[in-house]
Amino acid sequence: MTTIKTNNKDKRSLIGSGLQQRTEDALADEFLRKAVAFTTDKLKNGRLNAMADIGDWEIWRERGRAIRENTISHLDYYLTQFADNVVNNGGNVHFCSKADDAVQAFLGIAKQHNAKLVAKGKSMVSEEIHLNHHLEEHGMEAIETDLGEYILQLAKETPSHLIIPAIHKNKQQIADLFTEDAGYALPAETKALATYAKTKLRNYFLESDIGLTGCNFGVAESGSISLVSNEGNGRMVTTLPKVHVVIMGMERLVPTFDDLEVMLNLLPRSATGQKLTTYISLITGPRKLKDLDGPEELHVIILDNGRSAQLGDPIFQEVLNCIRCAACLNVCPVYRHVGGHAYGSVYSGPIGAVLTPLIQQDMKEAGQLAYASSLCGACHEACPVKIPLHDMLVHLRHRKVRAKLTSLPERFAFRMYEFTFGRVTLYKVATKSAYYLLKPLSRKGLIHRAPFPLSGWTDSRTLPMKPKQSFRDRWSELQNELKGGMKDEQ
Amino acid sequence: MSNKAGVINGKEAFMLNIANRLGRKEPLKSAPTNPVQGVPDHYKAIDLNEQEKIELFVHNWTALSGQVLIVQRAEAKATIAAYLTKIIGELQVTAASLWEHVELLELGIEQQLQSMNINTVPWRVMAVQDTATDLTNNEQSNPTKWSARDKLLQATERCELGIVYPDYVIANTSTLVLQAGGGQGRSVSLLPSSLFAIFPAERLVTRMGEALQGIRDTHPLNIDYPSSVNMITGPSRSADIENDLTIGVHGPGKVYAIIIV
Amino acid sequence: MKVSLFITCLADQMYPEVGESVVRLLHQHGCEVDFPAAQTCCGQPAFNSGYQDEAREVARNWIRAFEQSDYIVSPSGSCTGMVHHYYPYLFENEPEWKEKAERLVKRTYEFSQFVVQVLGIEDLKASFPAEATYHPSCHAMRLLGVKEEPVRLLQHVEGLEMIDLPHKEDCCGFGGTFAVKMSDMSEAMVCEKARHVTDTGAEILIGTDMGCLMNIDGRLNKEGRPIRVMHLAEVLLEGANKKR
């Protein structure tokens, strides 16, 4: 793998220093790049096999898209139906507009139960609102029980992939983390490490006061919550602790069980290539009177946090259709080279690049992510619900321009582009001048070094010197040749 | 009996905001016409006979490292007893948990286990005399929250084997569908490290939608809908450690399907 | 059949021989090719950088230039994709121009698309003995759906041995201004693409977009690899001439 040397380069950035620095850091990390490439290839191939296995994938995708679109366009109806059903079945619902509201709602529940230990299933939304940090501030311990998340919790790091969060950690690094946690040496060997985590986490499952999960799909018709998992930790935290708290984005719904079947065919296949995850838990209210196990209390925290701002937007409403499968991550060439941390957000890859600036309503810093793409369109092609992420990235760039967040030289350059390329006479003048400007830089038809910003190109590539005669300069000669009796035989 | 209704906070403003953003003055009250519902027609139309479903299930289940045994109904009790004995020996099971289920009763599973001197924990409220504690010395001097929990849960947690009788089994994904309630405890298929699922071939359906429809049909009112339905497709697994596959993390790592034909 | 050449600013300025190859090939197969002189650029550089107003004016010039054309053929999947995918959107609020755009979209084709779908030809009677590999451009594939056409045209070239490019559908890292704006990222991508090309052992790299090819060629040059980088039309013309 070619290491990118950044020493002699012009350090000025055209995209914003945050993204620039994170990109450089990621590109310099050889292990990360190998791990990300290996994992994404594996998951991508899994998805391709699973698609072929079920067949007629385009029909499935279109169905998935239509179901999600219907849900989001009528979210007021379905969310009401869902919430009312949760409550009628003995659950409690907390609608939260902002991240802090959700934190407070959770703290309220925890306080009511004098909770000290919270066992967490994987929940991106809980990371979005930085819940763990707040729990710690209030003297509670929150344990991540998903193995990858547990590793990251020990490392005090954030996830680098939506589905396999700790792909950037190798066995030795994990062994080191577990050794420090255990107080005795653990070998860098999968079985030993898995056994350690299993035993340690088992104890947490038994002792926890609250189990916290996300929600893959809420089912409006019954007020059910569906959770997918492979390890079994999702089942543990929703069976053993007396209180189960669900924290979900307000858009994570489908209308009926029929629709759930479609989504459960799309999600695991798109995420890992599995037909189904090992466990799918369908939870409808807390335990019933005749149940001898299960939580006594169920709370569902429904979070907005910038999502409703996308409703009614003809371009961006569709981003709420996402089912968090990470198929887009696994085909994105940018993600492939840098992994999730470069995005500086809980949500990474193409979906992260679009969602983060939108829900944070920040086109300035988070908006830099709109440039983290060559617009190749692979994300849209892979998305099981056909979200046009590639289009959305271009529209985000437009938002940045409209908000006057791009640099003055750039705005000027494109004004000049419009002025000259908008009329052929000036186009010809401009391109002729370009010839004379570039000529001094070329040697034997190639430009090896150009000044900033073209240095971004020439640092790693040659640029061909522009020929003196353009195609249109030669056209009349070519046209005459073709017309003038030189009939080419066929 | 249904649960008492819960509390809902902050709905009005939240929902009004959504409605407004979607161009409505107030939240939509009537169900939208939903033209696209459920799986594609060609997928729904797939119609397999029982033998095909059995083969499909076996193919998928074994691919996930699950074990299968197909038994003839006439000899089911004896065959299953022998298989149970064999596996219990292999896995060195000392305690087993099982659903309190009429079919398991008829198969005499509980008696079989007891005859093998296996500590048997049927999923029913424990009588006081059954709750004889076998706390370790450590647990007695350092009582944990767990030790104050329900005795049945604690006893189940100490089992190495759980035995269930799935309500439905999905052939095209080799998935056991387990409804919770009464004698069908969630913990039985979760806490022990191995799982036995016994079911007659008639309970096989081709695709998930049929199972979901079945549960819906038998529980048309939401308040009656089971509080938990677990769909189990193979052994618990993780690839979080450098993409290396581990089988058997928090749920059962060894799974056995016994199909009665 | 009257065909207008949509040269694209990149081919016009940097790769006129590609334009010439397209013209000659179309002429050889019965097309009367013209060149609407008012054309400049499709507007994509501005559009993809978020400057939609600026792109719109350049697009307007494009529409004016090609308004009278029956068929519009371009040696670029990317530029053709721009017209197809974004022109109707750009003129959403101007019904008259939107209608013009939609009309022209139906007549605009990428070169291989035109030859196979409209002319109905797959065998251009070419001979080009060499080992080659093909890089499909992202925009041709994903904005236009051009996947089979270039492959079929190459399959009929006598003596041309096509070696499959590993990870061929991975982006080469050009992305227009991306190559300069996210230059570190672009470098990582083009290095991997160049490695895949080199690993095939092919003597020639063929593509349908000069943006991609300029990018990969630039890297191959930097690495000192003696691989010849050619546009599909150049291969076919050279091959057709060889055969005659």
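Numbers restart at 1 for each chain; the letters A, B, ... are given by sequence-line order, proteins then strands. Side chains are part of it too, since the values below use all heavy atoms of this structure and drop only hydrogens, waters and symmetry mates.
For C/Lys147, the side-chain hydrogen bond (donor to acceptor under 3.5 Å, both in side chains) partners at least two apart in sequence or on another chain are A/Glu381.
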Worked check of side chain to side chain donor-acceptor pair (under 3.5 Å) between C/Asp34 and A/Gln479: CA-CA 8 Å; C/Asp34 65 59; A/Gln479 192 179 35; over 6 Å; no
side-chain contact (heavy atoms from CB on, under 4.5 Å) evaluation trace for A/Glu481 with C/Arg24: CA-CA 10 Å; A/Glu481 185 199 316; C/Arg24 288 188 185 279; 2.6 Å; yes
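Taking OG1 from A/Thr462 and CG from C/Leu220, the interatomic distance works out to 9.0 Å, rounded to the nearest 0.5 Å. Note that CG of A/Asp459 and CD of C/Glu187 are 7.5 Å apart. Values are rounded to the nearest 0.5 Å. In this structure, C/Glu32 CD and A/Lys483 NZ are separated by 7.0 Å, a value rounded to the nearest 0.5 Å. One finds the CZ atom of C/Arg219 at 6.0 Å from the OG atom of A/Ser460 (value rounded to the nearest 0.5 Å). Atom-to-atom distance recorded for A/His380:NE2 and C/Arg142:CZ is 10.5 Å, nearest 0.5 angstrom. Rounding to the nearest 0.5 Å gives a distance of 10.5 Å between CG of C/Asn61 and OH of A/Tyr427.
Contacts between A/Ala372 and chain C at a heavy-atom distance below 4.5 Å involve backbone atoms as well as side-chain atoms. In this structure, the portion of C/Ala37 lying under 4.5 Å from any heavy atom of chain A is its backbone and not its side chain. For C/Asp12, the parts lying under 4.5 angstrom from a heavy atom of chain A are both the backbone and the side chain. For chain A, no part of C/Cys172 is nearby; none of its heavy atoms comes within less than 4.5 Å. In this structure, no portion of A/Thr425 lies under 4.5 Å from any heavy atom of chain C. Only the side chain of A/Ile315 comes within contact range of chain C, with heavy atoms under 4.5 Å apart. Neither the backbone nor the side chain of C/Ile216 comes within less than 4.5 Å of any heavy atom of chain A. Looking at A/Leu375, both its backbone and its side chain come within 4.5 Å of chain C, counting heavy atoms on both sides. Looking at A/Arg472, the atoms closer than 4.5 Å to chain C (heavy atoms on both sides) sit in the backbone and in the side chain alike. With a threshold of 4.5 angstrom between heavy atoms, A/Lys468 does not approach chain C through any atom at all.
The stretch residues 419-435 of chain A participates, sequence neighbours left out, in these salt bridge (charged side-chain N to carboxylate O under 4.0 Å, His left out) pairs: A/Lys432-A/Asp473. The salt bridge (charged side-chain N to carboxylate O under 4.0 Å, His left out) pairs that include a residue from residues 388-398 of chain A number zero, where partners must be two or more places apart or lie in different chains.
Between A/Val424 and C/Thr40, the closest heavy-atom pair is CA-CG2, 3.6 Å. Nearest heavy-atom pair, A/Ser374 versus C/Met189, reported as atom, atom and distance to 0.1 Å: OG-CE, 3.8 Å. Contact detail for A/Pro467 and C/Gln13: the closest heavy-atom pair is CD-O, 3.2 Å.
When each of C/Met141, C/His85, C/Arg64, C/Arg56 is scored by its heavy-atom pairs under 4.5 Å with chain A, the top score falls to C/His85. Of the listed residues C/Tyr15, C/Tyr89, C/Phe174, the one with more heavy-atom pairs under 4.5 angstrom with chain A than any other is C/Tyr89. Highest contact tally toward chain A, considering only C/Val23, C/Thr177, C/Ile7, C/Val58, is held by C/Val58 [criterion: heavy-atom pairs under 4.5 Å]. The most heavy-atom pairs under 4.5 Å with chain C, out of A/Ala342, A/Ala26, A/Ser373, come from A/Ser373. Annotation: maximal heavy-atom pairing with chain A below 4.5 Å, among C/Val18, C/Leu5, C/Asn215, occurs at C/Asn215. Ranking A/Asp41, A/Ile447, A/Thr420 against chain C, the residue ahead of the rest is A/Asp41, based on heavy-atom pairs under 4.5 Å. Counting heavy-atom pairs closer than 4.5 Å to chain A, the top-ranked of the candidates C/Ala65, C/Ala240, C/Cys9, C/Ala11 is C/Cys9. Counting heavy-atom pairs closer than 4.5 Å to chain A, the top-ranked of the candidates C/Gly176, C/Gly175, C/Pro16 is C/Pro16.
Counting heavy atoms from C-beta outward, A/Thr458 and C/Lys222 have side chains that stay 4.5 Å or more apart. Counting only heavy atoms from C-beta outward, the side chains of A/Val334 and C/Phe178 approach each other to under 4.5 Å. Side-chain atoms of C/His167 and A/Arg336, non-hydrogen and from C-beta on, do get closer than 4.5 Å to each other. Residues A/Pro333 and C/Glu192 fail the side-chain proximity criterion, which asks for heavy atoms closer than 4.5 Å.
In this structure, A/Phe316 places its CZ atom where more than 12 heavy-atom neighbours from other residues, nucleotides or ligands lie under 6.0 Å away. The number of heavy-atom neighbours closer than 6.0 Å to NZ of C/Lys242, taken from other residues, nucleotides and ligands shown, is above 12. Within 6.0 Å of atom CZ in A/Arg449, 12 or fewer heavy atoms from other residues, nucleotides or ligands are found, so the atom counts as exposed in its surroundings.
Looking at A/Glu410 and C/Lys181, a side-chain N of the basic residue comes within less than 4.0 Å of a carboxylate O on the acidic one, giving a salt bridge.
Residues of residues 43-53 of chain C lying under 4.5 angstrom from chain A, judged on non-hydrogen atoms, are C/Gly43, C/Gln44, C/Pro45, C/Ala46, C/Phe47, C/Asn48, C/Ser49, C/Gly50, C/Tyr51, C/Gln52 in numerical order.
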